[in-house]
There are 2 protein chains.
Amino acid sequence: MTHHSDQRAYFFKIDITIKKIRNALQKRLLDAGFDLTVDQWVLIDHIYRQKGICQNELAELTFKDPPTVTRIVDLLQKKGLVERGPVEGDRRKFRLSLTKSGKGIYQKAFPIVAEIRRKGWGDLSEADYQHFVRIMDSIYQNFTDPKAV
Amino acid sequence: MTHHSDQRAYFFKIDITIKKIRNALQKRLLDAGFDLTVDQWVLIDHIYRQKGICQNELAELTFKDPPTVTRIVDLLQKKGLVERGPVEGDRRKFRLSLTKSGKGIYQKAFPIVAEIRRKGWGDLSEADYQHFVRIMDSIYQNFTDPKAV
DNA sequence: GAATAATTATTCGTCTACTAATTATTATGG
DNA sequence: CCATAATAATTAGTAGACGAATAATTATTC
């Protein structure tokens, strides 16, 4: 990366692209009649695929903070989509699971989410995907490795 | 993109990568003693480079909503870094500019931001940058074009 | 076994995102 | 010229991100 303007651009491009994706998915969910935010969907998706998961595991998987997970789970529980059950042997934890209503929402919303994913990726190729993964993982690792700046 | 898991992944990768970058930059600014959030920095950066810009222009350039810009400018004004001046001929607008203190902050913070940008891009090549731009722009456009899903 | 440390979830405070609605001002059309 | 529409900024409300601090429980250590 040689140009000064480019150095500014990659951060910016990632930022506006994720905003576009989130906004498109949010709008699509609302238009389809779902009372769900994108982040609420993300948690529902994880709980569906890993029934009984507890909140700190969910926080790790989704890269959200524990307080954020607490708040979103509270909302989902109020909406009757998620239940907190006891974990035998550890009274600090909750087993999270979808209610019948929650499973129904998941199954109805999934095709919409999949459609948005397909729409976003569009005509990009498998080779593009390899580039994409390599570049994003590289950036990520550059901020993860414990080497000094 | 052929695999089911991949379809889930690209959204996720963008999301966690931008979080990493933001968190790294935020931490670096705080460690260096700046009382600035990343978004506050973004506005300062734009105002420095385009003195007299008004808020709706700033909102467009940064892809933030007008209310968000209002709030961040309020904070920057309270901190004494930004001034709102009158626009001759249109009393709805404000001319935004950095105060002396704001310019000083900009000049001291800029090298830190540039360093974080370099660190994030790391060893990726110019060719990687071409791929990156093409892929991100494509995803962005797939949600921008007025063609139906 | 009791004191201490670590873990899990929560609460609080600040900041940002987005929508809808409001105010003030400017532009436009009849 | 006047009514109406459009624009710029703001306010209010809900949701999410993150840090710091707290409470309850579990694990560790002496």
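Chain naming here is simple, since letters A, B, ... match the order of the sequence lines and numbering starts at 1 in each.
- Across all strands shown, B:R71 has heavy atoms under 4.0 Å from base atoms, whether or not it also approaches the sugar-phosphate.
- Atoms NZ (A:K27) and P (C:dT19) sit 9 Å apart, rounded to a whole Å.
- Evaluated for a side-chain hydrogen bond (donor to acceptor under 3.5 Å, both in side chains) with A:Q55, the options A:R84, A:K93, A:R92 yield exactly one hit, A:R84.
- Residues B:I14 and A:F132 approach most closely at CG1-CZ, 3.6 Å, considering heavy atoms.
- Residues from residues 53-63 of chain B that place a heavy atom under 4.0 Å from any atom of DNA chain C: there are none.
- Both B:R22 and A:P67 lie near DNA chain C, and the one whose nearest nucleotide falls closer to the 5' end is A:P67.
- When the P atom of C:dT16 is taken as reference, atom CH2 of B:W41 falls 15 Å away, rounded to whole Å.
- The only option from B:L75, B:D74, B:I72, B:L98 that meets the side-chain contact (heavy atoms from CB on, under 4.5 Å) definition with B:V82 turns out to be B:L98.
- In this entry the distance linking CG of B:L76 with C1' of D:dA9 reads 16 Å, nearest Å.
- Closest non-hydrogen pair, A:V87 versus A:F94, comes out as CG2-C, 3.7 Å.
- Following rounding to the nearest Å, B:I72 (CD1) and C:dT14 (P) show an atom-to-atom distance of 17 Å.
- Between B:I18 atom CD1 and D:dA17 atom C1' there is a gap of 14 Å when expressed in whole angstrom units.
- Below 30°, between 30° and 60°, or above 60°: for B:Y106 and B:Y48 the angle between ring planes is below 30°, a parallel geometry.
- Note on B:D65: a base of the nucleic acid sits closer than 4.0 angstrom, heavy atoms only.
- Rounded to whole angstrom, the span from the CD atom of B:Q26 across to the P atom of D:dG19 amounts to 9 Å.
- Here B:N23 does not reach the OP1 or OP2 of D:dA17: none of its side-chain N or O atoms lies under 4.0 Å away.
- In this structure, A:T37 reaches the sugar-phosphate backbone alone: every heavy-atom distance under 4.0 Å involves primed, P, OP1 or OP2 atoms, never a base.
- A donor-acceptor contact shorter than 3.5 Å is absent between the side chain of A:D31 and the backbone of A:R28.
- Of the possible polar contacts, none joining the A:S138 side chain to the A:R134 backbone as a donor-acceptor pair under 3.5 Å is found.
- Note on A:K64: a side-chain N or O is less than 4.0 Å away from OP1 or OP2 of D:dA17.
- In this structure, CG of A:L36 is placed 13 Å from C1' of D:dA15, rounded to the nearest angstrom.
- Applying the ring pair (Phe, Tyr, Trp, His ring centres under 6.0 Å) definition to pairs two or more places apart or across chains, none involves residues 14-38 of chain B.
- Among all heavy-atom pairs drawn from B:C54 and B:L96, the shortest one is C-CD1, 4.4 Å.
- Residues of residues 78-98 of chain A that place a heavy atom closer than 4.0 Å to DNA chain C, in numerical order, are A:R84, A:R92, A:K93, A:F94.
- At a threshold of 4.0 Å, the pair A:R71-A:D65 does not count as salt-bridged, since none of the basic side-chain nitrogens sits closer than that to a carboxylate oxygen.
- If you check every strand for non-hydrogen atoms under 4.0 Å, B:Q40 touches sugar and phosphate atoms only.
- Protein atom CD of A:Q77 is 13 Å distant from nucleotide atom P of C:dA9, rounded to whole Å.
- Here the side chain of B:T70 is nearest to one of D:dA17, D:dA9, C:dT16, namely D:dA9.
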